[in-house]
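Notes follow the structure.
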There are 2 protein chains.
Amino acid sequence: MTGEKNNKTTIIPIPTIRRLPLYHSFLLTVRDKENIHISAPGIAKELHIHPTQIIKDFSYINVKGRTKVGYEIKGLIKILEDFLGYHILRKAFIVGIGNLGIALIKYHEFNNEGMEIIAGFDIDSDKLETNINNLELFHINNFKERINKTPIDIGIIAVPACQAQEIADLMIKNGVKAIWNFSATPLSAPDNIIIENTSIDSSLAMIKWKLHENKPLIYKNRVL
Amino acid sequence: MTGEKNNKTTIIPIPTIRRLPLYHSFLLTVRDKENIHISAPGIAKELHIHPTQIIKDFSYINVKGRTKVGYEIKGLIKILEDFLGYHILRKAFIVGIGNLGIALIKYHEFNNEGMEIIAGFDIDSDKLETNINNLELFHINNFKERINKTPIDIGIIAVPACQAQEIADLMIKNGVKAIWNFSATPLSAPDNIIIENTSIDSSLAMIKWKLHENKPLIYKNRVL
DNA sequence: TTTTAATAAAGAAATATTTCCTTATTAAAA
DNA sequence: TTTTAATAAGGAAATATTTCTTTATTAAAA
Ligand SMILES: NC(=O)c1ccc[n+]([C@@H]2O[C@H](COP(=O)([O-])OP(=O)(O)OC[C@H]3O[C@@H](n4cnc5c(N)ncnc54)[C@H](O)[C@@H]3O)[C@@H](O)[C@H]2O)c1
Ligand SMILES: NC(=O)c1ccc[n+]([C@@H]2O[C@H](COP(=O)([O-])OP(=O)(O)OC[C@H]3O[C@@H](n4cnc5c(N)ncnc54)[C@H](O)[C@@H]3O)[C@@H](O)[C@H]2O)c1
């Protein structure tokens with residue numbers, strides 16, 4: 001949340017945090033191209049984010065650019081990765097080895113972004129037979145036992161909406177610090193538990209509403 | 001974007017739109033339970049959204065509650081579905097029949113939320129052999145031909161980041177109105193094209209940053 | 001019937017976030 | 001070398017969003 005600037009503590013806006021991985025991803029695509037530097041307007045053109053927004057975002061994480069030149073690409077990538085903790089590998093369990101669960105397990109990029117899924121759980125024994133990246137799969141009844149053996153930080157929920165709260169409670173009871181919820185139902189949790197709702201259905205709602213209204217956004221350039 | 005209130009046009013905040021499907025999903029879980037009504041504080045307790053926020057959100061779509069009683073659940077569900085256009089089925093193509101693409105194709109709930117995926121495309125011919133829900137699969141080279149035969153509103157991008165812009169350009173050139181982008185790279189598009197970036201990686205970044213900072217949110221109750 | 005307490009509504013205030021404006025810097029062009 | 005134009009930076013302003021406060025309503029309790 002905080003970044004030091006001189007001595008003052010500045011508060012980093014949540015939307016800024018959400019944009020940082022976008023910058024990171026974009027910068028990877030321009031690294032090793034002809035230029036060593038990229039300017040805010042240069043990024044803005046591709047990402048449809050206002051250039052001063054980009055400069056502000058970078059200033060929150062104490063990144064300074066050079067006038068007339070911009071930002072050094074590789075250095076910026078490094079700073080973003082450090083800030084976002086890509087080099088600190090957090091252990092995770094995933095519950096729900098369904099369609100989405102399998103996609104998440106197979107997505108290797110998470111390892112580069114600092115999350116390692118080390119076990120999967122399902123209530124359906126048939127699902128435990130499948131081999132996905134050699135991931136260890138267990139029945140949900142074994143959750144407590146496994147987490148006691150290997151404590152984890154992140155619990156990923158990919159079960160149907162009606163089961164999500166139950167699994168969340170199980171995770172919280174067993175010391176999970178952060179819950180990543182892919183079900184459409186928001187979860188109840190104590191304030192000390194980090195909850196991230198990735199609601200794919202909310203995204204669809206946004207698209208459908210924009211199609212229906214067919215009006216420009218209030219903040220034209222807002223990407224997230 | 002707009003809701004009529006008396007004669008004045010009110011602007012609906014984007015975060016409100018994103019919360020509406022969460023209310024909808026939650027209300028489904030309490031429908032057919034003992035109570036006919038639910039109050040804003042009642043919803044707030046489960047969803048960790050401030051009760052006055054909920055009342056405000058509902059007021060934007062002209063939903064009125066009854067003092068001491070709250071909101072009639074079934075009627076509210078209906079209004080939300082109408083507002084979000086769940087009953088208007090929009091046609092969609094999906095490009096990228098990989099791990100995530102398959103999960104999205106298999107997710108039947110989209111049909112209830114007003115989106116029907118009617119064809120899939122990939123560059124890898126092997127992928128076109130797989131049978132997923134009997135969906136018609138084509139080589140990406142046939143995109144233009146297929147869209148001319150059956151115009152669609154929504155193009156879903158589930159290809160690797162480096163290919164995403166190319167596919168977006170193809171979609172735009174062929175009249176797609178809205179692009180739903182699951183790749184980590186934000187896309188460039190003319191202003192009249194609706195772009196929705198569902199950045200799963202941004203969500204992870206948020207979790208990792210909160211784990212690292214271990215500080216409360218500024219807006220405590222913010223769920224999206 | 002009267003009182004109490006829970007609630008919605010509406011507007012005000014507080015807070016958060018983006019965009020604008022002005023200045024300073026500096027690479028590249030003249 | 002001097003000028004020009006592109007850019008970053010920092011603060012101000014504008015805008016957006018959430019939260020608070022007050023008031024009115026009404027179901028339930030007394
Ligand atoms: N697939 C998608 O593209 C998609 C899109 C939007 C939202 N979602 C959400 O993601 C979640 C998962 O979706 P899906 O398509 O993978 O569903 P799915 O039905 O394919 O998989 C759900 C899995 O959870 C398991 N499960 C159910 N109850 C369980 C329990 N108590 N403990 C452990 N495992 C349990 C099931 O056996 C199944 O394997 C759902 O909440 C869905 O709404 C998915
Ligand atoms: N799987 C996940 O859980 C996950 C998580 C976060 C982000 N993503 C993003 O979603 C996207 C898809 O991820 P995935 O895991 O399904 O990857 P994947 O590699 O499994 O699938 C990608 C598919 O796209 C196809 N493809 C490549 N170039 C193409 C082209 N030009 N035209 C048509 N098809 C083409 C490939 O043949 C492949 O089938 C990626 O951008 C990824 O970053 C996925």
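Owing to the predicted nature of the structure, the values given are computational and were not obtained by experimental measurement. So you know, we letter chains A, B, ... as the sequences are listed, proteins then strands, and number each from 1.
Of the candidates D:dT17, C:dT18, D:dA8, the closest approach to any side-chain atom of A:Tyr60 belongs to C:dT18. Which of C:dT18, D:dC20, D:dA8 sits closest to the side chain of B:His50 comes down to D:dC20. Picking from D:dT17, C:dA12, C:dA8 the nucleotide with the shortest atom distance to the side chain of B:Ser39 gives C:dA8. Looking at the side chain of A:Thr52, the nearest of the listed nucleotides C:dC20, D:dG11, D:dT19 is C:dC20.
At a threshold of 4.0 angstrom between heavy atoms, the contacts of A:Pro41 are confined to the sugar-phosphate backbone, with no base atom among them. Among the heavy atoms of the strands, none lies under 4.0 Å from B:Phe58.
Between the CZ atom of A:Arg18 and the P atom of C:dT17 there is a distance of 11 Å, rounded to whole Å. In this structure, CD1 of A:Ile11 is placed 12 Å from C1' of C:dT17, rounded to the nearest angstrom. Atom-to-atom, CD of A:Gln53 to P of C:dC20 comes out at 11 Å; the value is rounded to the nearest Å. For B:Glu72 and C:dA8, the CD to C1' distance is 16 Å, given to the nearest whole Å. Rounded to whole angstrom, the span from the CD1 atom of B:Ile54 across to the C1' atom of D:dT18 amounts to 13 Å. Atom CD1 in B:Ile55 sits roughly 13 Å away from atom C1' in D:dT23 (whole-Å rounding). Taking atom CD1 of residue A:Ile12 and atom C1' of nucleotide C:dT18, one finds them 16 Å apart after rounding to whole Å. As rounded to whole Å, 15 Å separates atom C1' of C:dA10 from atom CG of B:Asp57.
With sequence neighbours left out, A:Lys74 forms a side-chain contact (heavy atoms from CB on, under 4.5 Å) with A:Arg31, A:Asp32, A:Glu72. In terms of the side-chain contact (heavy atoms from CB on, under 4.5 Å) criterion, residue partners of A:Asp57 (sequence neighbours excluded) are, by chain and number, A:Thr16, A:Arg19, A:Tyr23, A:Gln53, A:Tyr60.
Residues B:Asn35 and B:Ile73 share a closest heavy-atom pair of O-CD1, 3.6 Å. Counting all heavy atoms, side chain and backbone alike, B:Tyr71 lies closest to B:Val63 at CD2-CG1, 3.6 Å.
Screening residues 89-103 of chain A for side chain to side chain donor-acceptor pair (under 3.5 Å), with sequence neighbours left out, gives A:Arg90-A:Asp153.
We find that B:Glu196 and B:Arg18 are joined by a salt bridge, their nearest charged nitrogen and carboxylate oxygen being less than 4.0 Å apart.
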Based on Watson-Crick and G-U pairs with both distances under 3.5 Å, what dot-bracket line describes DNA chain C 5' to 3', crossing pairs as [ ] and inter-strand pairs as |? ||||||||||||||||||||||||||||||

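For B:Arg19, no side-chain nitrogen or oxygen approaches OP1 or OP2 of D:dT17 to under 4.0 Å.
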For nucleotides 23-30 of chain C, 5' to 3', base contacts (B), sugar-phosphate-only contacts (S) and non-contacts (-) with protein non-hydrogen atoms under 4.0 Å give --BBB---

Ring pair (Phe, Tyr, Trp, His ring centres under 6.0 Å) between A:Tyr86 and A:His24, worked out: CA-CA 11 Å; A:Tyr86 281 5; A:His24 178 261; 5.0 Å; yes

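Between A:Phe93 and A:Trp180, the distance from one ring center to the other does not fall under 6.0 angstrom.
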Per-pair distances, 0.1 Å, donor-acceptor, side chain in residues 100-109 of chain B, under 3.5 Å, sequence neighbours excluded:
residue	atom	partner	partner atom	Å
B:Tyr107	OH	A:Asp201	OD1	3.4
B:Tyr107	OH	A:Asp201	OD2	3.3
B:Glu109	OE2	B:Asn112	ND2	3.1

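A donor N or O paired with an acceptor N or O is not found under 3.5 Å between the base of C:dT18 and the side-chain atoms of A:Lys56.
Side-chain atoms of B:Asn181 and B:Ser183 include a donor-acceptor pair closer than 3.5 Å.
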